[in-house]
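A short worksheet on the structure shown next.
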There are 2 protein chains.
Amino acid sequence: MPETYSTPSTHSSSASAASLAERIRAVGARATPARIRVLELLSVAPRPLSHHDVESALGAGSLDRVTLYRVLDWLVESGLAVKGADERRVWRFSLASGGTHGSHAHFHCEGCGRVFCLDMPAPSPPSLPGGFTLLRAALDLSGRCAQCNGVSA
Amino acid sequence: MPETYSTPSTHSSSASAASLAERIRAVGARATPARIRVLELLSVAPRPLSHHDVESALGAGSLDRVTLYRVLDWLVESGLAVKGADERRVWRFSLASGGTHGSHAHFHCEGCGRVFCLDMPAPSPPSLPGGFTLLRAALDLSGRCAQCNGVSA
DNA sequence: TCGCTATTTGCAACCTTGTTGCAAATAGCG
DNA sequence: CGCTATTTGCAACAAGGTTGCAAATAGCGA
């Protein structure tokens, strides 16, 4: 159940620390260094980051382990980020892509691990066995992205 | 990424210990009590079992924790079972359903957690952004199964 | 049927990922 | 500038899973 995502169309929002702080206050919370730094990292990350990724990117010990867990969870709770489990079942976090997560397909690159949202209508609701009710449908594609295929951008 | 599965059409293969032992030897391994008992459990389980499920079903301590981990991994490695992470990111194991996992859709019941394989052609390969190559496509549906909806069998 | 040996098992210790409780620090309001 | 609710850091804990190694055993061949 992937849940996170950059779009094939670039969206490297390398916002300034100040604007990130504003975005944090916009959701009604304090703009602390920890939150700003983590948000900053996520906003330039080429792929979803794990707790460990963030920790070592920040320099181990620069931020308490537990604080980082809490910042990451808070980011998700506040809607600024989304999390999804990777193939080793470790949470990975990435910036929430603006709008609501509508009905679309996901493409998982087996090369770099990134997940792309494809704007594509949800597949036509298939007929289910009697008595079954459908709540959600997801089309998950996997393969290799352009970059991993060596196609120059 | 669900990967396991009973079909809506029953397939409770409650094979005898002897035939299970044969199935084990068929993949070129020793038919030990541990393996037979675990395989037996999986073959009658109504839904994918976690390590913990199997452990307590067998009676805690009746089989070493580590041995159980190894038996479960071996089952997957040998192709007799498949594993998938549940919503709490804990591995759950179930018998591999006979044939190869062809192109079909999965239905995950949010009530009981079971995963059903729906015989249904894979969705038509969508057009991907330039440079992307498709290796796999999976249609994952979720909702409630007939039983959880209270529809008598 | 009996030994033999490669395969399995059990044990103990360890690792990774994540959580909880609580006191000290601090963002940002007035 | 001071106050207070919010955050942080620390220490301890917990679940799920892994590793190394010595003891037990499945099942082969004699």
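Numbers restart at 1 for each chain; the letters A, B, ... are given by sequence-line order, proteins then strands. All of these numbers come straight from a predicted model, not from anything done at the bench.
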A:A31 versus A:I24, closest heavy-atom pair with distance: CA-CG2, 3.9 Å
Main-chain N/O of A:G84 paired with A:R92 side-chain donor or acceptor, under 3.5 Å: no
Under 3.5 Å donor-acceptor, A:R35 side chain and A:R30 backbone: yes
N/O donor-acceptor pair, side chain A:R65 with base C:dG18, under 3.5 angstrom: yes
Contact under 4.0 Å: A:T67 side-chain N or O vs D:dG9 OP1/OP2: yes
Spacing of A:D73 atom CG relative to D:dT8 atom P, expressed in whole Å: 13 Å
Nearest-Å distance for atom pair CD1/P, residues B:I24 and C:dT8: 10 Å
Short side-chain to backbone donor-acceptor contact, B:S62 and B:L58, under 3.5 Å: yes
Closest to side chain of A:R35, choosing from D:dT7, D:dT19, C:dG28: D:dT7
Closest-nucleotide ordering on DNA chain D, the 5'-leading residue of B:V90 and B:A29: B:V90
Watson-Crick or G-U wobble partner of C:dG30, both distances under 3.5 Å: D:dC1
Euclidean distance, atom CG of residue A:D86 to atom P of C:dT17 [Å, nearest integer]: 9 Å
Sugar-phosphate only, base, or nothing, as touched by B:R70 at under 4.0 Å among non-hydrogen atoms: base
Base-pairing assignment for D:dA12 (Watson-Crick or G-U wobble, both under 3.5 Å): C:dT19
Gap between atoms NE2 and P, on A:H52 and C:dT16 respectively (whole Å): 9 Å
Between D:dT7 (C1') and A:I36 (CD1): distance, integer Å: 13 Å
d(NZ, A:K83; P, C:dT17) in whole Å: 15 Å
Donor-acceptor pair (no angle test) under 3.5 Å: B:R30 side chain, C:dT8 base: no
Contact under 4.0 Å: B:R25 side-chain N or O vs D:dG27 OP1/OP2: yes
Side-chain N,O (A:W91) to OP1/OP2 (C:dT17) below 4.0 Å: no
Atom-to-atom span, CD of A:E55 to C1' of C:dT16 - whole angstrom: 12 Å
Phosphate OP1/OP2 of D:dT25 contacted by B:T32 side-chain N/O (<4.0 Å): no
Under-4.0 Å side-chain N/O to phosphate OP1/OP2 contact, A:R89 with C:dG18: no
Spacing between B:D64 atom CG and D:dA24 atom C1', to the nearest angstrom: 13 Å
CG-CZ distance between B:D73 and B:F93, expressed to the nearest 0.5 angstrom: 5.5 Å
Watson-Crick or G-U wobble mate for D:dT7, both contacts under 3.5 Å: C:dA24
Earlier contact from the 5' end, DNA chain C, for A:P33 and A:R88: A:R88
Check: A:W74 main-chain N/O paired with A:S78 side-chain donor or acceptor under 3.5 Å: yes
